[in-house]
Amino acid sequence: MRVLPYMALVLVASCTAKSHEVPQEDAGPDGLFQPADGGDAAFVDDAACASVKQVVDPTPLPVDIIWMIDNSASMAPAVAAVNAGMNAFANLVDAKSLDYRVIVLSLRSATSPIQVGGSTRYPICIPQPLAGDDACGNGPRFYQSSIDIRSTQTFEQFLGTLGQTSGYTQGQALGGEAWKAWLRPEATKTILVVTDDNARLTAQEFETYTGGQNPFNSNSLPPGMLDVSWNGLFNTDYIFGGVYGWGDPKNPSVRCTYADSSLPPSGGSTYSMLVAKTGGPRAKICDGASAWTPFFDAVTTAVLAGSKIDCTMSIPDPGQGQTLDPHEVNVTLEDGTSTTTLTKTDGKGTCGSDLSWYYDDDTAPTKVILCPAACQTAQAMVGAGKTGSVNVLLGCATIVK
């Protein structure tokens, strides 16, 4: 069994037997159970109650990493860098033991450059082993929708092809094959843009557009990606980053400068807004080849830091010949300096906003499930660079909501 280096779930097994549930009002200071006789031993510290520890792997949620890559003629060096470096990037992510998918939104062709509608375009062709074949086809962890990404229309094409609205379906000039099905609802999302220009759709519209006609042409757009109609496919904790033309971290209107003293068309101020909002990584497209290795490293770090644990956790075997008593299970969250005891509730429908948990089946439980508020708290504590842990303790009467 592999133990992830940045997460821990500690199981504490019982050496004694108790068989009743303790209402919350009988809890002592800090929500910890105090014996009925007024003794001073809380269950977390009771050596007779909890003494055998087992460490098990919590399951990290999968991660979906979406790349939008501008196919304009001016993007030739960046396209070459993506083609050359994507396998190394995938290896970096794979080394973190994450269940990942790389999804590329960009024109696909093994020939480069190509002519599309009289314009020179530089397509993406990711080689094996990330790709599934020598023709840069899809693989087990790689999916590409062949979309001719235009310099200023990245957000429009992202939304339009995601929703397959009029003007953005496969075969249309701005469209591409449907890719929504490649996204996993439970996965954390990282969105990366590679361009030398700026999106004409605003950051707010990208997230919350009401849907309808594209403000810039006669095509149709679906609602923004955070709209409820997407059923949480994208959450507010997504990461946004990119390689684009920013030049000054304090002034988003300033463009970077290429080695030949030329400037990109835009500093990408819209992208900088989302980078600042989500804490994502970025690099300057003007830096050329030297930008890419640090950027791939920074994206990997960001993906790892943004990854979440699955808040549905299997209850391990207590071991040492003991039998699990579902009335003697408690769950705590620890951040390295303090312990928070969660209360048990009857099920998802009774969670409310409390820091609580429930069983998958009260009669014959096999899993502990954290309620939304507790899950959010746990995911903020447990991860890369964090010292928190989720602890399942067996052997003391369950504290109920």
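The model shown is predicted, which means the values in this text are computed figures rather than measured ones.
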Shortest non-hydrogen contact from [X] to [Y]?
| X | Y | result |
| --- | --- | --- |
| Leu370 | Leu342 | CD2-CD1, 3.8 Å |
| Asn219 | Tyr168 | CB-CE1, 3.6 Å |
| Pro365 | Tyr359 | CB-CD2, 3.3 Å |
| Ile239 | Gly280 | CG2-CA, 3.7 Å |
| Thr312 | Lys367 | CG2-CD, 3.5 Å |
| Ile309 | Met313 | CD1-CE, 4.0 Å |

Before accepting this row, confirm whether a basic side-chain N of the pair [X]/[Y] lies closer than 4.0 Å to the acidic partner's carboxylate O.
| X | Y | result |
| --- | --- | --- |
| Lys308 | Glu186 | no |
| Lys277 | Glu207 | yes |
| Arg255 | Asp196 | no |
| Arg200 | Glu156 | yes |
| Arg150 | Asp148 | yes |
| Asp99 | Arg141 | yes |
| Arg184 | Asp64 | yes |

Just verifying a value: how many Å separate [X] [atom1] and [Y] [atom2], rounded to the nearest 0.5 Å?
| X | Y | atom1 | atom2 | result |
| --- | --- | --- | --- | --- |
| Ser269 | Asn251 | OG | CG | 9.5 Å |
| Leu107 | Ile147 | CG | CD1 | 10.0 Å |
| Leu226 | Gln204 | CG | CD | 11.0 Å |
| Asp287 | Cys256 | CG | SG | 7.0 Å |
| Ile399 | Leu393 | CD1 | CG | 10.0 Å |
| Ile114 | Arg108 | CD1 | CZ | 12.0 Å |

Whether the side chain of [X] engages the backbone of [Y] through a donor-acceptor N/O pair (distance < 3.5 Å, no angle test) should be reported.
| X | Y | value |
| --- | --- | --- |
| Thr398 | Val329 | yes |
| Asn87 | Leu130 | yes |
| Gln157 | Thr154 | no |
| Asp133 | Gly137 | yes |
| Thr301 | Asp297 | yes |
| Gln164 | Lys180 | no |
| Thr195 | Asp70 | no |
| Asp335 | Ser338 | yes |
| Arg101 | Trp182 | yes |
| Ser109 | Thr111 | yes |

*Applying ring pair (Phe, Tyr, Trp, His ring centres under 6.0 Å), which residue pairs with at least one partner in residues 78-109 are found, sequence neighbours left out?*
Trp67-Phe89, Phe89-Phe296
*Is the gap between the ring centers of Trp179 and Phe158 under 6.0 Å?*
yes
Under a plain distance cut-off of 3.5 Å, with no hydrogens placed, do [Y] and [X] share a side-chain donor-acceptor pair?
| X | Y | value |
| --- | --- | --- |
| Thr343 | Ser356 | yes |
| Asn71 | Ser106 | yes |
| Thr270 | Asn198 | yes |

_Pair Thr345-Thr350, side-chain hydrogen bond (donor to acceptor under 3.5 Å, both in side chains): steps then yes or no_ = CA-CA 6 Å; Thr345 190; Thr350 60; 2.5 Å; yes
Do the non-hydrogen side-chain atoms of [X] and [Y] ever get within less than 4.5 Å of each other?
| X | Y | answer |
| --- | --- | --- |
| Val93 | Ile65 | yes |
| Val331 | Asn391 | no |
| Ser112 | Pro123 | yes |
| Asn83 | Ile126 | yes |
| Tyr122 | Met75 | no |
| Cys396 | Asn330 | yes |
| Asp354 | Lys401 | yes |
| Lys96 | Thr300 | yes |

*Give a yes or no on whether Gln172 atom CD has more than 12 heavy-atom contacts from other residues, nucleotides or ligands under 6.0 Å away.*
yes
*When Ile66 is tested against each of Leu162, Leu183, Val104 for side chain to side chain contact (heavy atoms under 4.5 Å, CB included), which residue passes?*
Leu183
*asked:* For Leu174 and Asn217: C-alpha separation, side-chain torsions, deciding distance, then whether side chain to side chain contact (heavy atoms under 4.5 Å, CB included) applies.
replied: CA-CA 11 Å; Leu174 297 175; Asn217 56 40; 4.2 Å; yes
*Applying side-chain hydrogen bond (donor to acceptor under 3.5 Å, both in side chains), run through Thr120 and Gln115 and close with a yes or a no.*
CA-CA 5 Å; Thr120 300; Gln115 296 294 310; 2.8 Å; yes
*How are the rings of Tyr244 and Trp246 set to each other: parallel, tilted or perpendicular (split at 30° and 60°)?*
tilted
*Positive for ring-ring contact (aromatic ring centres under 6.0 Å, His included) with Phe155, one of Tyr271, Phe216, Tyr209*: Tyr271
